[in-house]
Amino acid sequence: MSDALTLLKNIRTLRSHTREMSLNALEDVLEKFKIILIERREEETSRLANESQRRDKLETLRQMMLDEGIDPAELKAAIGSLGKVKRKRSPPAKYRYTDETGESKTWSGQGRMPKRISNLIAEGGELKDFEIS
């Protein structure tokens, strides 16, 4: 939480900071807070009304579907099978190597070269030595 919010939420700290302010300045701040409070209440009322309208519309549509003999779950299943997103496949492995722990691992040749392969190449090996046949 920011320092300003901490200040505003703590009555003792707020009192100590406002002692230096004039009464007119405090009344100006109070009016601004009242305006902000009214705006937030209006926003919240509007949001709740929109949610209520949306729920009513959804219920009306659900009831229309049931009247036509369509089960909403059936529709959801039908739409779900049409809207499947294909996942991007990872590229096939081109190289196989054994890491420091003795575990066999693969690398597609894309991205950073595994440290184990780069170390073995630095020792005189070649990349083709790790190719998967």
Side-chain angles (χ1 to χ4, degrees):
M1 191 178 320
S2 71
D3 292 335
L5 285 178
T6 305
L7 169 78
L8 291 172
K9 291 179 78 174
N10 187 324
I11 189 74
R12 290 183 195 163
T13 309
L14 192 56
R15 279 187 182 130
S16 69
H17 280 78
T18 57
R19 282 192 185 114
E20 301 161 3
M21 295 175 69
S22 69
L23 190 55
N24 286 337
L26 278 173
E27 288 174 351
D28 287 342
V29 170
L30 178 61
E31 286 303 313
K32 290 175 183 173
F33 269 111
K34 285 180 181 178
I35 291 168
I36 292 170
L37 182 62
I38 290 168
E39 289 171 352
R40 288 290 306 269
R41 281 184 179 150
E42 289 172 356
E43 288 173 5
E44 185 68 12
T45 302
S46 175
R47 186 186 65 78
L48 290 174
N50 288 341
E51 279 183 20
S52 177
Q53 287 176 349
R54 181 171 171 81
R55 272 185 268 130
D56 291 344
K57 287 179 185 178
L58 286 171
E59 180 57 30
T60 302
L61 290 172
R62 188 184 78 76
Q63 192 58 47
M64 287 172 59
M65 288 173 50
L66 289 173
D67 292 345
E68 293 294 324
I70 300 171
D71 182 17
E74 182 183 343
L75 179 65
K76 181 181 177 184
I79 291 173
S81 64
L82 295 175
K84 297 248 182 200
V85 177
K86 291 185 178 179
R87 295 182 187 214
K88 187 177 179 183
R89 292 184 347 167
S90 58
K94 293 182 181 176
Y95 304 98
R96 177 171 279 122
Y97 65 98
T98 306
D99 67 2
E100 293 82 8
T101 62
E103 187 178 339
S104 179
K105 294 194 174 190
T106 59
W107 176 51
S108 67
Q110 295 181 354
R112 284 182 74 178
M113 182 182 291
K115 195 169 192 170
R116 179 71 173 158
I117 293 177
S118 62
N119 288 343
L120 291 171
I121 289 173
E123 293 172 3
E126 292 185 23
L127 189 57
K128 68 178 182 179
D129 296 339
F130 301 99
E131 288 181 355
I132 299 174
S133 301

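Atom set for the values below is all heavy atoms of this structure, side chains included, hydrogens, waters and symmetry mates excluded. Start at 1 with the first residue, then count along the sequence. Everything numeric here is computed off the predicted structure, so don't read it as measured data.
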As an exercise, state the distance from [atom1] of [X] to [atom2] of [Y], rounded to the nearest 0.5 Å.
X	Y	atom1	atom2	result
Glu43	Arg40	CD	CZ	6.5 Å
Arg19	Leu14	CZ	CG	10.5 Å
Lys115	Glu100	NZ	CD	8.5 Å
Asn10	His17	CG	NE2	10.0 Å
Glu39	Arg41	CD	CZ	12.5 Å
Phe33	Asp28	CZ	CG	12.5 Å

Residues Met21, Thr18; criterion side chain to side chain contact (heavy atoms under 4.5 Å, CB included); working and verdict: CA-CA 5 Å; Met21 295 175 69; Thr18 57; 4.0 Å; yes

Side-chain polar contacts of residues 47-56 - donor-acceptor pairs under 3.5 angstrom, sequence neighbours left out - could you list them?
residue : atom : partner : partner atom : Å
Arg47   : NE   : Glu44   : OE1          : 3.4
Arg47   : NH1  : Glu51   : OE2          : 2.4
Arg47   : NH2  : Glu44   : OE2          : 2.5
Asn50   : ND2  : Ser46   : O            : 3.4

Evaluation steps, side chain to side chain contact (heavy atoms under 4.5 Å, CB included), between Ser118 and Met113: CA-CA 6 Å; Ser118 62; Met113 182 182 291; 3.8 Å; yes

Working for side chain to side chain contact (heavy atoms under 4.5 Å, CB included), residues Asp71 and Lys76: CA-CA 9 Å; Asp71 182 17; Lys76 181 181 177 184; over 6 Å; no

Same cluster for [X] and [Y] if Ile/Leu/Val/Met/Phe/Trp/Tyr side chains link at under 4.5 Å?
X	Y	answer
Leu120	Leu127	yes
Ile70	Leu58	no
Leu66	Leu75	no

Close side-chain approach of Glu59 and Gln63, heavy atoms under 4.5 Å: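 SC-SC contact between Glu59 and Gln63 confirmed.
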
Lys105 side chain near Pro114 side chain, heavy-atom distance below 4.5 Å: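 Sidechains of Pro114 and Lys105: no contact.
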
Atom of Ser108, atom of Lys94 and distance for their closest heavy-atom approach: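 Reported closest heavy-atom pair: O-CD, 3.3 Å.
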
Contact summary for Met65 and Pro72, nearest pair of heavy atoms: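 Heavy-atom minimum between the residues: CE-CA, 3.6 Å.
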
Verify, without hydrogens or angle tests, whether [X] (side chain) and [Y] (backbone) share a donor-acceptor contact under 3.5 angstrom.
X	Y	value
Arg116	Tyr97	no
Ser22	Ala25	yes
Trp107	Arg112	yes

ring-ring contact (aromatic ring centres under 6.0 Å, His included) involving Phe130 - partner list, sequence neighbours excluded: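 Phe130 satisfies ring-ring contact (aromatic ring centres under 6.0 Å, His included) with no other residue.
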
Step-by-step side chain to side chain contact (heavy atoms under 4.5 Å, CB included) determination, Tyr95 to Ile132: CA-CA 5 Å; Tyr95 304 98; Ile132 299 174; 5.5 Å; no

Side-chain donor-acceptor pair present, Asn119, Glu123, cut-off under 3.5 Å: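 Distance-only check fails for Asn119 and Glu123.
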
Asp99-Thr101 side chain donor-acceptor pair, cut-off 3.5 Å: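 A donor-acceptor contact under 3.5 Å links the two side chains.
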
